[in-house]
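Reckoned from all heavy atoms, side chains included, excluding hydrogens, waters and symmetry mates. From a predicted model like this one, the values you see are computed outputs, not experimental measurements.
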Amino acid sequence: MTVQAEDFERGPAPVATPPEPAEFVRATQLIDALEAMAERFREGRPVRFTGHGSKDFYGGPLGDAAPLSTQALNGVMAYEPSELYVTAAAGTPVAEVEALLARHGQHLAFEPPRFVGTASGGTGTVGGMVATGLSGPARASAGAVRDHVLGLTLLDAKGELLHFGGTVMKNVAGYDVSRLMAGSMGVLGLIAQVTLKVLPMPVATVTLRFEFGQEEALLQMNRWGGQPLPLSATAWWDGALVARLSGAEAAVAAAVRKLGGDVIPEAMAAPFWQGLRDQSDEFFLGARRAVQGGATLWRIAVPSTTLAMPLHGEQLIEWGGAQRWVVTPMAPAQLRELVAAAGGHATMFYANDKTAGTFSPLGPQLTRIHKELKRQFDPAGIFNPGRLYPDL
């Protein structure tokens with residue numbers, strides 16, 4: 001089957017009078033690249049998708065599958081500021097999309113990590129952003145990547161383009177496949193283009209700092225979570241709890257008066273949140289050095305109400321207590337047992353040895369569902385083998 005332009009770009013049309021016409025690309029400009037990729041798939045040989053390579057460290061081993069770059073699928077295809085959506089091809093740098101949105105006072109509210117200034121480098125691509133499903137400091141308030149994916153186009157193992165979702169948030173019957181792709185690590189197919197919900201940038205932002213131990217900080221974050229506060233991000237590390245308030249000026253000012261704490265000047269606060277988002281701040285730099293010495297950086301997801309956990313190592317806590325980073329030499333089985341007892345799961349983020357599995361093992365029912373989805377979308381098993389689970 002030959003890939004056609006009408007297959008690739010379905011639904012949203014480019015904005016009538018784009019602010020920067022040169023930034024927009026038509027589907028016809030990308031068809032040759034898509035057809036070449038489809039031909040590779042028909043050969044039936046394993047491939048692994050890569051954009052800038054900024055997230056090659058994440059997930060299972062890269063293995064022997066031949067790399068297939070998405071960088072030829074580059075460009076914003078549609079942007080309608082008044083309708084709050086943008087459509088971009090998979091290889092488009094996230095930084096370019098954000099620059100376009102910023103000129104209209106809008107942004108990707110979930111703050112996807114770009115790993116700028118880290119050992120991974122690069123600015124990341126739209127396809128990699130969705131495939132890894134990673135979100136930044138605002139995840140607890142703005143939602144995850146999957147909550148902002150309105151629709152996408154997928155190139156399957158037969159070389160055919162499949163379309164899911166649209167340009168608006170709505171209830172749908174059946175599988176919400178477009179959101180299913182968030183965090184799928186590319187094992188179900190090549191994400192060719194994505195339509196994302198965008199939101200206005202907050203009018204006012206203030207960052208407050210408090211001196212709290214871990215237990216007190218967790219209790220405080222949960223108290224705040226039950227109040228009508230414009231909290232957009234929280235982070236605790238090394239005895240300091242930092243809270244970001246974002247929204248209308250009156251609401252932010254009222255919250256500052258209510259919470260107290262020390263106001264951090266924006267010139268210092270903005271780089272802090274950016275470093276936390278891109279994992280280029282002091283904690284993550286130190287964690288990577290520790291990993292070189294044999295430790296592991298774990299990303300732990302637990303209910304936000306979970307109290308301090310007996311984890312040996314330095315911790316950073318985000319998302320009101322729901323996301324916890326720990327750099328530790330603890331054995332994977334021991335750590336995962338503690339996390340599972342708290343109702344959570346643990347992911348190996350940076351590690352020299354991932355033989356214990358990057359992601360927490362699935363139960364029998366979830367394993368069956370994962371394998372059936374893989375069989376439906378990629379029956380030959382050629383897409384990103386082993387990046388999500390060894391047998392997918």
Side-chain angles (χ1 to χ4, degrees), residues 58-60 110 113 132-147 182-183 185 210 212-227 229 231-243 276 279 283-284 286-287 290-291 294-351 353-367 369-370 388-389:
Y58 186 61
F110 54 93
T132 56
L134 299 174
S135 304
R139 188 307 183 199
S141 59
V145 179
R146 66 176 180 272
D147 300 314
M185 297 297 293
F210 305 83
F212 287 138
Q214 183 181 152
E215 197 75 56
E216 188 178 4
L218 287 167
L219 291 171
Q220 188 62 65
M221 284 188 282
N222 277 280
R223 292 190 195 102
W224 290 341
Q227 300 176 29
L229 297 168
L231 273 174
S232 61
T234 54
W236 177 89
W237 175 51
D238 195 25
L241 173 60
V242 183
L276 193 61
Q279 299 188 0
F283 173 82
F284 288 101
V291 168
T296 298
L297 176 64
W298 291 88
R299 175 177 177 252
I300 296 172
V302 290
S304 62
T305 54
T306 304
L307 299 181
M309 304 176 68
L311 303 174
H312 308 301
E314 192 168 12
Q315 293 186 52
L316 184 150
I317 299 175
E318 295 186 86
W319 302 358
Q323 175 164 271
R324 307 185 188 188
W325 301 91
V326 58
V327 55
T328 177
M330 289 177 67
Q334 179 188 12
L335 183 140
R336 281 185 164 140
E337 183 179 353
L338 285 169
V339 173
H345 58 86
T347 299
M348 277 187 175
F349 209 74
Y350 289 112
D353 180 4
K354 292 188 176 181
T355 54
T358 301
F359 304 101
S360 291
L362 299 173
Q365 291 184 338
L366 284 177
T367 297
I369 292 171
H370 275 67
L388 187 60
Y389 286 100

Suppose we screen for side chain to side chain contact (heavy atoms under 4.5 Å, CB included). Which residues come up paired with Ala138, at least two apart in sequence or across chains?
Glu111, Ser141, Ala142, Arg244
Taking ring pair (Phe, Tyr, Trp, His ring centres under 6.0 Å) as the test, write out the residues that go with Phe210, two or more places apart.
Phe212, Trp224
Sequence-distant partners of Leu307, side chain to side chain contact (heavy atoms under 4.5 Å, CB included), two or more places apart:
Glu215, Leu219
Can you name the closest pair of heavy atoms from Gly357 and Met348 and give their distance?
O-SD, 3.9 Å
Those residues that, when tested against Pro361, pass side chain to side chain contact (heavy atoms under 4.5 Å, CB included) (two or more places apart)
Arg336
Walk me through it: do His345 and Ile300 pass the test side-chain contact (heavy atoms from CB on, under 4.5 Å)?
CA-CA 6 Å; His345 58 86; Ile300 296 172; over 6 Å; no
Tell me if a side-chain donor or acceptor on Ser360 pairs with a main-chain N or O of Ala346 at a distance below 3.5 Å.
yes
Here the gap from Leu311 atom CG to Gln315 atom CD, rounded to the nearest 0.5 Å, amounts to 5.0 Å
Asp238: side chain to side chain donor-acceptor pair (under 3.5 Å) partners, not counting sequence neighbours
none
Over all atoms of both residues, closest heavy-atom pair of Ala144 and Arg139
CB-NE, 3.5 Å
Of all residues at least two apart in sequence or in a different chain, which pass the side chain to side chain contact (heavy atoms under 4.5 Å, CB included) check with Ser304?
Asn222, Ala322
Exercise: identify the closest heavy-atom pair between Pro303 and Gly343:
CD-O, 3.9 Å
Only pairs under 3.5 Å count here: list side-chain donor-acceptor contacts from residues 325-335, not counting sequence neighbours, and write none if there are none.
residue : atom : partner : partner atom : Å
Trp325  : NE1  : Glu318  : OE2          : 2.8
Thr328  : OG1  : His312  : O            : 2.3
Thr328  : OG1  : Met330  : N            : 3.0

Applying side chain to side chain donor-acceptor pair (under 3.5 Å) to Arg299 and not counting sequence neighbours gives Gln323
Any side-chain heavy atom of Leu316 within less than 4.5 Å of one from Leu276?
yes
Given side-chain contact (heavy atoms from CB on, under 4.5 Å), test Val291 with Thr296 step by step and report yes or no.
CA-CA 5 Å; Val291 168; Thr296 298; 5.6 Å; no
Minimum heavy-atom separation for Gly133 to Val145, with atom names?
C-CG2, 3.8 Å
For Gln227, side chain to side chain donor-acceptor pair (under 3.5 Å) partners two or more places apart
Lys258
Between Thr358 and Phe349, is a side-chain contact (heavy atoms from CB on, under 4.5 Å) present by the stated rule, with each step listed?
CA-CA 7 Å; Thr358 301; Phe349 209 74; over 6 Å; no
Interatomic spacing from CG in Leu231 to CG in Leu229 - rounded to 0.5 Å
5.5 Å
Closest heavy-atom pair and its distance - Trp236, Ala217:
CD1-CB, 3.4 Å
With Glu314 via side chain to side chain donor-acceptor pair (under 3.5 Å) - residues at least two apart
Trp237
CE of Met309 to CD of Gln214, rounded to nearest 0.5 Å, is 9.5 Å
Please confirm whether Phe359 and Tyr58 have ring centers closer than 6.0 angstrom.
yes
Note: Ala182 and Arg146 closest approach over all heavy atoms is CB-CB, 3.6 Å
I'd like to check Met221 versus Leu241 (side-chain heavy atoms, cut-off strictly below 4.5 Å). Are they in contact?
yes
Within the side chain of Thr306, is there an N or O that forms a donor-acceptor pair under 3.5 Å with the backbone of Val302?
no
